[in-house]
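Read the structure below first, then the notes.
In the text below, chain A, chain B and the rest are named by the order of the sequence lines, each starting its count at 1. Computed from heavy atoms alone, side chains included, the values below leave out hydrogens, waters and symmetry copies.
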Amino acid sequence: MREEFQAPRGFHDILGEDLRKFRYVTSTIRDILRRHNFEEIILPVVEYADLFERSIGETTDIVQKEMFVFEDRKGRRLALRPEGTAGAVRAYVQNRLFAQRTYHKVFYEGPMFRHERPQAGRYRQFHQIGVEVFGVAEPHADAEVIKVAHEIVETLKIKADIEINSIGCKVCRPAYREALVGYLNSVSEKLCSVCLDRKDRNPLRVLDCKVETCKEAVKEAPRVTDYLCEECRDHYSKLSEYLKALGVPYVENPHLVRGLDYYTRTVFEVVSPDLGSAIIAGGRYDYLVEEFGGPPTPALGFAAGIERIALLVDTPKEREPVYFVIPFGDVIPYALKVTDTIREKGKVAELSYRKGNLRKQLDFANKMGYRYAVIVGEDEMREGVVSLKDMETGEQVRVRPEDI
RNA sequence: GAGGGUGUAGCUCAGCUGGUAGAGCGGGGGACUGUGGAUCCCCAUGUCGCGGGUUCGAGUCCCGUCACCCUCCCCA
């Protein structure tokens with residue numbers, strides 16, 4: 001019996017042109033992070049499920065219906081990570097990084113898992129690069145983190161808008177929440193059924209609703225920014241000032257709230273108008289480290305969705321600097337040696353295993369996008385040289401293999 | 001989780017009211033073993049996503065299922 005397998009729904013292979021784009025995106029981002037002096041950490045893909053439940057929030061969709069949860073042999077509940085921040089905070093506390101120095105800048109890269117309906121740019125296994133800054137309360141850290149996000153879209157030449165907001169802290173959010181719920185009750189007949197439910201459980205998210213009548217109803221709603229306490233207001237206005245100083249364009253979106261419970265003060269999204277969704281998003285989470293057993297430690301970060309970004313980039317189309325060695329006639333031992341010599345010089349060389357006349361061989365090299373053809377015929381062998389042809393310019397010269 | 005659409009060669013797709021599978025691109029070979037992006041000729045593409053049903057007969061109709069795409073929800 002022959003059975004053909006398929007990858008499970010929402011899980012996919014990344015190869016060929018997609019992989020080229022993927023690598024282009026990740027290496028570009030990594031290079032930006034390197035210049036900002038972020039330090040890499042590699043985090044486990046599996047954590048205890050309640051790590052996410054307590055940080056992201058019990059009532060969020062991510063926790064309620066999108067986590068891959070399973071039990072280990074002792075019946076402990078484990079989860080495939082749906083995002084990176086919770087694990088990063090856990091690692092920060094568990095490894096006592098707070099004891100090493102006053103602040104830390106780290107980044108992670110890897111797969112995340114959410115059990116949701118696949119769509120363009122949405123997978124059950126997707127990949128993120130995330131950055132976190134631990135131990136800095138001041139808004140210039142916020143500005144620099146948002147600058148990194150901006151640099152990413154700029155460098156990759158992606159059209160995107162940066163939206164920012166502040167959702168306050170322990171001190172001011174309760175009062176705002178109360179005012180908001182009061183307002184929402186007064187317009188409840190205009191809200192969609194989902195929002196009626198949200199109104200009591202997580203009222204801030206009503207502001208985010210895409211239903212037209214809700215958007216309309218929410219226009220006159222009290223604004224978080226009007227309810228911020230002294231410190232939060234100061235933080236937010238300094239952030240704006242610093243972003244201007246850095247030349248980072250942004251728009252204030254008082255309805256931006258983000259879905260995860262751990263955020264405080266600054267939240268932001270980098271939204272692609274072409275995709276209609278966020279490609280990078282993050283914010284500040286000043287209480288999470290403490291909630292996870294560490295010392296009180298303000299922190300913030302963001303995550304960038306690699307697949308979504310890859311949908312928006314064009315990779316530069318260049319010939320790979322590959323030396324394609326074409327043996328022609330009875331010259332295999334010599335061609336083997338020539339290929340090896342080129343590799344010893346640190347260049348990329350491939351000995352052609354293909355059959356056919358020279359025309360076909362060159363045609364093949366051309367199709368593969370190789371930059372150089374190294375023609376090794378009997379004439380060349382006799383003289384101890386090769387004919388090196390630049391496939392881009394068409395120029396051809398005779399050189400000794402060790403001079404390539 | 002809800003709604004809708006699609007699934008035929010490696011890719012893009014055609015295939016009428018049911019009668020036993022096609023085109024382009026790509027691939028391989030040749031014209032043409034010593035110079036690529038071109039032209040011409042030839043060749044192979046296949047459990048028609050999978051399973052079941054209706055029928056003398058199903059790529060076509062019906063049901064189920066899986067995957068993908070779109071919208072909603074949510075999110076990177």
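Using a 4.0 Å heavy-atom distance criterion, A:Ile280 is classed as a sugar-phosphate-only contact. Within the nucleic acid shown, A:Gly394 comes within 4.0 Å of at least one base atom, counting heavy atoms only. As judged by a 4.0 angstrom heavy-atom cut-off over every strand, A:Ala281 is placed among residues touching the sugar-phosphate backbone only. Looking at heavy-atom distances under 4.0 Å, A:Arg258 makes contact with sugar-phosphate atoms alone, never a base. If you check every strand for non-hydrogen atoms under 4.0 Å, A:Glu378 touches a base. Among the protein residues, A:Arg124 comes within range of no part of the nucleic acid, since none of its heavy atoms lies under 4.0 Å from any strand. Using a 4.0 Å heavy-atom distance criterion, A:Gly282 is classed as making no nucleic acid contact. No engagement by A:Glu395 is indicated, since no non-hydrogen atom pair under 4.0 Å with the nucleic acid exists. Looking at heavy-atom distances under 4.0 Å, A:Gly329 makes no contact with the nucleic acid at all. Among the atoms of the strands shown, only primed sugar atoms or phosphate atoms (P, OP1, OP2) are found under 4.0 Å from some heavy atom of A:Ile279. Across all strands, A:Lys360 comes closer than 4.0 Å to base atoms (heavy-atom distances). Among the heavy atoms of the strands, none lies under 4.0 Å from A:Ala365. If you check every strand for non-hydrogen atoms under 4.0 Å, A:Gln361 touches nothing. The residue A:Phe324 sits apart from the nucleic acid: no heavy atom pair falls under 4.0 Å.
Atom P of nucleotide B:C72 and atom CZ of A:Arg122 are separated by 10 Å, given to the nearest angstrom. Rounded to whole Å, the distance from CD on A:Gln128 to P on B:C75 is 13 Å. In this entry the distance linking OH of A:Tyr353 with P of B:G28 reads 17 Å, nearest Å. Spacing between atom CG of A:Asp390 and atom C1' of B:G36 amounts to 12 Å, rounded to whole angstrom units. In this structure, CZ of A:Phe52 is placed 14 Å from P of B:A76, rounded to the nearest angstrom. Taking atom CZ of A:Phe364 as the reference point, atom P of B:G34 lies 20 Å away to the nearest angstrom.
Sequence order on RNA chain B of the closest nucleotides to A:Lys389 and A:His127 puts A:Lys389 first from the 5' end.
Look at A:Lys367 and you won't find any side-chain N or O under 4.0 angstrom from OP1 or OP2 of B:G26. Residue A:Arg9 places at least one side-chain N or O under 4.0 Å from the OP1 or OP2 atom of B:A67. An OP1 or OP2 oxygen of B:C73 is reached within less than 4.0 angstrom by no side-chain nitrogen or oxygen of A:Arg114.
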A:Arg54/A:Glu291 under salt bridge (charged side-chain N to carboxylate O under 4.0 Å, His left out): CA gap, chis, key distance, verdict: CA-CA 9 Å; A:Arg54 280 178 38 207; A:Glu291 278 166 26; over 6 Å; no
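Ring geometry for A:Tyr123 versus A:His12: interplanar angle under 30°, hence parallel rather than tilted (30 to 60°). Ring geometry for A:Phe364 against A:Phe324 counts as tilted: the plane angle lies between 30° and 60°, on a 0 to 90° scale.
Remark: A:Lys389 is not positioned above the aromatic ring of A:Tyr372, lacking an NZ or CZ atom under 6.0 angstrom from the ring centre and at most 45 degrees off the axis.
Applying side chain to side chain donor-acceptor pair (under 3.5 Å) to A:Asp363 and the options A:Arg359, A:Lys360, A:Lys367 leaves one that passes, A:Lys367.
Atom name P, nucleotides B:U12 and B:C72: the rounded distance is 25 Å, in whole Å. Nucleotides B:G4 and B:U20, compared at atom C1', are 33 Å apart to the nearest Å. Comparing the C1' positions of B:G5 and B:G49 gives a spacing of 16 Å, expressed to the nearest Å. Across the P atoms, B:A44 and B:G29 are found 16 Å apart, a figure rounded to whole Å. Comparing B:G1 with B:U47, their P atoms sit 31 Å apart, to the nearest whole Å. Straight-line distance between the P atoms of B:C61 and B:C48: roughly 16 Å, to the nearest whole Å. When the C1' atom is used for both B:G10 and B:C63, the distance is 32 Å, rounded to whole Å. Between the P atoms of B:G34 and B:C42, the separation comes to 24 Å (whole Å).
For A:Asn357, the side-chain atoms get nearest to B:C32 when compared with the rest of B:G28, B:C69, B:C32. Checked against B:G37, B:A76, B:U35, the side chain of A:Leu362 finds its nearest nucleotide in B:U35. Residue A:Arg308 places its side chain closer to B:C75 than to any other of B:C75, B:A38, B:G28. Picking from B:C69, B:A76, B:U35 the nucleotide with the shortest atom distance to the side chain of A:Pro118 gives B:C69. Checking B:G34, B:C75, B:C72 against every side-chain atom of A:Phe328, the shortest atom distance belongs to B:G34. With distances taken from any side-chain atom of A:Arg359 to the nucleotides B:A38, B:U33, B:U71, the minimum falls on B:A38.
Between A:Phe68 and A:His115, the distance separating the two ring centers is shorter than 6.0 angstrom. For an aromatic pair to be called close, the ring centres must be under 6.0 Å apart, and A:Phe268 with A:Tyr250 fails this.
The base of B:G36 is not paired with the side chain of A:Asp363 by any donor and acceptor separated by under 3.5 Å. Judged by distance alone, with hydrogens and angles left aside, A:Arg117 brings no side-chain donor or acceptor close enough to the base of B:C69 to form a pair under 3.5 Å. Counting distance only, with no hydrogens placed and no angle test, the side-chain atoms of A:Gln396 and the base atoms of B:U35 include a donor-acceptor pair under 3.5 Å.
The partner of B:U55 is absent, by the rule that a Watson-Crick or G-U pair needs both atom distances under 3.5 Å. Pairing partner, B:U45: none, since no Watson-Crick or wobble contact has both distances short of 3.5 Å. Pairing for B:G3 is with B:C70, a Watson-Crick or G-U wobble pair whose two hydrogen-bonding atom distances lie under 3.5 Å. Shown here, B:A9 forms no base pair; nothing in the strands shown gives a Watson-Crick or G-U wobble contact with both key distances under 3.5 Å.
Taking each heavy atom of A:Ala149 and A:Phe302 in turn, the nearest pair found is N-CE2, 3.9 Å.
There is no side-chain donor-acceptor pair under 3.5 Å between A:His36 and A:Glu144.
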